[in-house]
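When reading the values below, keep in mind they use all heavy atoms of this one structure, side chains included, and skip hydrogens, waters and symmetry mates. Bear in mind that the values here come from a model prediction, so they are computed numbers and not experimental data.
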Amino acid sequence: MKHDKVMNVAKKRGFLWSSFEIYAGVAGFYDYGPLGAILKNSIINKWKNFYIVKEGFYEIESPTVMPEEVLKASGHVDNFTDPMTECKECLEVYRADHIIEEMINRDVEGLSNEELTQIISEEKILCPRCGNHLTRVWNYNLMFQTLIGAKGKKTGYMRPETAQGIFIPFKRLLRFFRGKLPFGVVQVGKAYRNEISPRQGVIRLREFTQAEAEIFVNPEDKTHEKFDEIKGKMLKLYSGEVQLAEGEPVEISAGDALDEGIVSSQILIYQLYIAQKFLREIGIPDEVIRFRQHLPTEMAHYAIDCWDVEVYTERYGWVEIIGIADRTDFDLKSHTEHSNEDLRVFIEYDEPKQIKKLAIKPNMSKFGPSFKGDAPKILKVLENIDAKGVKKSIENDKMFNLQIEDNTFELLPEHVNFVEIEEVVRGEKIFPHVIEPSYGLDRIVFSVLLHTFTEDEENEREYFKLPKDIAPVEVSVFPLLNKEQLREEALKIKNDLREKGFIAEFDASGTIGRRYARSDEIGVPYAITVDHDSIDDNKVTIRNRDNLKQKRILISDIAGILDSLLKSRLEFDDIN
RNA sequence: GCGGCUGUAGUCUAGUCUGGUUAGGACUUGGGCCUUCCAAGCCUACGACCCGGGUUCAAAUCCCGGCAGCCGCACCA
């Protein structure tokens with residue numbers, strides 16, 4: 001199986017291996033080895049080039065440990081959890097809500113664990129497998145819990161996503177961007193989920209790296225300034241509708257996808273497009289990716305449209321590597337409610353609006369003595385109440401009953417006057433919507449390894465055909481034969497290249513063929529070979545990994561040519 | 001978390017059933033010889049019984065527990 005070959009080479013040559021190996025390992029944790037760490041960094045750098053440089057977003061970094069309040073507001077403390085129950089006899093574990101819904105066909109969403117436990121015993125729900133009793137319901141939360149501080153009074157969690165770290169300082173970010181939408185903020189970092197039983201290698205980790213962008217937009221304007229440039233680009237879309245009809249994904253242009261209402265907005269399609277472009281540039285070809293829309297049933301309650309970028313893998317089938325969602329205003333709204341900070345944005349109208357409206361003007365000389373201590377509270381409610389309704393009631397019934405929490409206050413004609421006021425409204429405060437491309441970097445690194453792995457039968461070699469700008473080692477330097485004179489010249493060249501900033505490796509072990517094979521295997525795009533002629537003519541051979549072609553170039557030109565090759569300013573065949 | 005299968009150098013594997021010499025081989029890797037461009041050959045070195053307990057004079061081998069991997073079930077904001 002190709003999968004096993006890739007993982008074996010990755011382990012052998014220092015890309016990836018499971019963590020804590022000498023203590024037998026722990027499922028869901030992986031190390032990046034010497035080459036893997038460089039590769040991952042190169043991919044991250046390219047990602048930053050896409051999102052920070054080209055899109056103009058800015059990066060922030062926030063803590064991986066978060067206090068409970070944040071994750072309470074985001075819904076993770078309550079919702080990132082599953083009610084579980086276990087059979088007392090056979091120890092089979094079930095989702096408590098699922099088993100109830102299945103057995104007695106009753107919707108139990110939102111019920112507490114106690115209520116679920118009660119239903120299980122009242123309805124005599126037994127283990128479907130062996131017919132024995134089930135335990136009381138408990139919550140399994142997928143977050144790693146910890147305690148903050150020496151006394152351990154404050155509960156904290158390892159963050160389950162980097163996104164929350166961007167929503168929390170929204171007010172400061174908004175100010176940084178001088179109050180104007182749209183703007184984007186990115187964060188690259190670790191996130192943690194204590195999966196019940198992760199068993200898909202690097203596909204399901206308990207500690208993993210996310211690269212997320214949160215793009216804050218005006219809900220009324222989800223257009224994109226560059227949409228015209230990309231509307232002709234083709235995407236392979238697997239819409240919810242097609243999935244339900246059990247059809248096949250369709251190739252469609254960005255423009256048509258929008259016109260036909262398959263994708264909900266320009267900005268969302270634009271994000272799909274740059275995701276595809278990014279994947280292509282790191283060596284994952286279009287043929288193995290598709291965009292799959294979330295079905296209404298699987299969509300998170302806060303999203304109105306969500307597309308997964310999936311890559312085909314031999315072992316796991318289609319795997320989500322990027323999620324691109326329209327998260328709407330869910331998070332900012334929720335944090336506003338929980339924190340009492342106003343996380344809205346003021347949107348100025350093109351033209352100020354003249355608005356005539358009815359306002360309630362309290363008659364304080366009567367108002368104060370009547371309501372005494374409750375007066376301030378009542379005044380506050382009256383500011384935002386529908387004045388017309390109040391006026392109508394007062395005119396017709398000579399009174400208006402105002403409900404505040406559990407109390408009813410009787411508003412009489414003497415308490416209030418009504419005035420027509422005219423005011424200029426320059427804009428309004430709104431919650432921005434959030435478009436979120438979220439990259440699972442570990443899955444992406446794995447996909448890159450999987451899809452760049454090349455079995456070249458003609459030349460009897462297997463190697464990672466990594467794009468040259470993300471290859472961990474940029475150039476290998478060899479003496480043709482392991483002779484003192486050639487060794488010395490090769491070492492000199494290697495050191496010179498390192499001095500000039502290239503990641504260069506020297507190898508004199510075995511035969512020249514063996515050295516090329518080792519170099520190819522880890523995806524080094526170019527190799528320099530010093531032979532006897534080099535001593536006389538100051539020229540060396542440069543070899544192209546992908547087609548084994550060779551050229552002779554001056555030693556003094558190596559760095560310049562290499563730089564041009566790596567940056568794609570020069571094609572190998574055009575070397576003179 | 002449950003059940004089944006599996007666990008010997010970096011990799012692949014012999015040995016395990018039927019306990020018994022220094023755990024054998026191949027590939028890889030390091031050093032050397034040879035070699036004027038694609039994993040050749042020769043010499044040489046390094047390197048392993050998943051962990052813990054038990055049975056036994058003696059455990060890679062038998063038993064128990066744990067851990068990990070694979071497969072199935074369950075889970076997967």
Sorted by number, residues from residues 529-538 of chain A placing a heavy atom under 4.0 Å from RNA chain B are A:Thr529, A:Asp531, A:His532
Got a sec? Which of residues 481-491 of chain A come in under 4.0 Å of RNA chain B, heavy atoms?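 Under 4.0 Å from RNA chain B: A:Leu481, A:Asn482.
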Under 3.5 Å, which donor-acceptor pairs link side chains of residues 314-324 of chain A to any protein atom two or more places apart or in another chain?
{"from": "A:Glu314", "atom 1": "OE1", "to": "A:Lys2", "atom 2": "N", "distance (Å)": "3.3"}
{"from": "A:Glu314", "atom 1": "OE1", "to": "A:His3", "atom 2": "N", "distance (Å)": "2.7"}
{"from": "A:Glu314", "atom 1": "OE2", "to": "A:Lys2", "atom 2": "N", "distance (Å)": "3.4"}
{"from": "A:Arg315", "atom 1": "NH1", "to": "A:His3", "atom 2": "NE2", "distance (Å)": "3.2"}
{"from": "A:Arg315", "atom 1": "NH1", "to": "A:Asp4", "atom 2": "OD1", "distance (Å)": "2.9"}
{"from": "A:Tyr316", "atom 1": "OH", "to": "A:Gln200", "atom 2": "O", "distance (Å)": "3.4"}

Set of residues satisfying side-chain contact (heavy atoms from CB on, under 4.5 Å) with respect to A:Glu241, sequence neighbours excluded: A:Ser239
What pairs of residues pass the side-chain hydrogen bond (donor to acceptor under 3.5 Å, both in side chains) test when at least one of them lies in residues 431-440 of chain A, not counting sequence neighbours?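 For residues 431-440 of chain A, and leaving out neighbouring residues, the side-chain hydrogen bond (donor to acceptor under 3.5 Å, both in side chains) pairs sorted by first residue read A:Tyr51-A:Tyr439, A:Glu212-A:Ser438, A:Lys222-A:His433, A:Arg327-A:Glu436.
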Go through the structure and list residues passing side-chain hydrogen bond (donor to acceptor under 3.5 Å, both in side chains) with [X], not counting sequence neighbours.
{"X": "A:Ser264", "answer": "A:Asp305"}
{"X": "A:Thr313", "answer": "none"}
{"X": "A:Glu122", "answer": "A:Gln118"}

List, one per line, each side-chain donor-acceptor pair under 3.5 Å for residues 475-484 of chain A, sequence neighbours excluded.
{"from": "A:Ser476", "atom 1": "OG", "to": "A:Ser519", "atom 2": "OG", "distance (Å)": "2.8"}
{"from": "A:Asn482", "atom 1": "OD1", "to": "A:Arg487", "atom 2": "NH1", "distance (Å)": "3.0"}

Is any N or O donor-acceptor pair between the side chain of A:Arg543 and the base of B:C38 shorter than 3.5 Å?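 Between B:C38 and A:Arg543, which were checked side chain against base, a qualifying N/O pair under 3.5 Å is present.
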Spacing of the C1' atoms in B:C64 and B:A26 (rounded, Å):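 Rounded to whole Å, the distance is 36 Å.
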Taking salt bridge (Lys or Arg N to Asp or Glu O under 4.0 Å) as the definition, give me every residue that meets it alongside A:Glu460, ordered by chain and number, with sequence neighbours left out. none
Can you tabulate the close N/O pairs, meaning under 3.5 Å, that link protein atoms to atoms of nucleotides 68-71 of chain B?
{"from": "B:A68", "atom 1": "O4'", "to": "A:Ala24", "atom 2": "O", "distance (Å)": "3.3"}
{"from": "B:C71", "atom 1": "N4", "to": "A:Arg199", "atom 2": "NH1", "distance (Å)": "2.4"}

Which atom pairs, donor and acceptor, lie under 3.5 Å between side-chain atoms of residues 9-16 of chain A and protein residues at least two apart or in another chain?
{"from": "A:Arg13", "atom 1": "NH1", "to": "A:Arg518", "atom 2": "O", "distance (Å)": "3.1"}
{"from": "A:Arg13", "atom 1": "NH1", "to": "A:Glu521", "atom 2": "OE1", "distance (Å)": "2.9"}

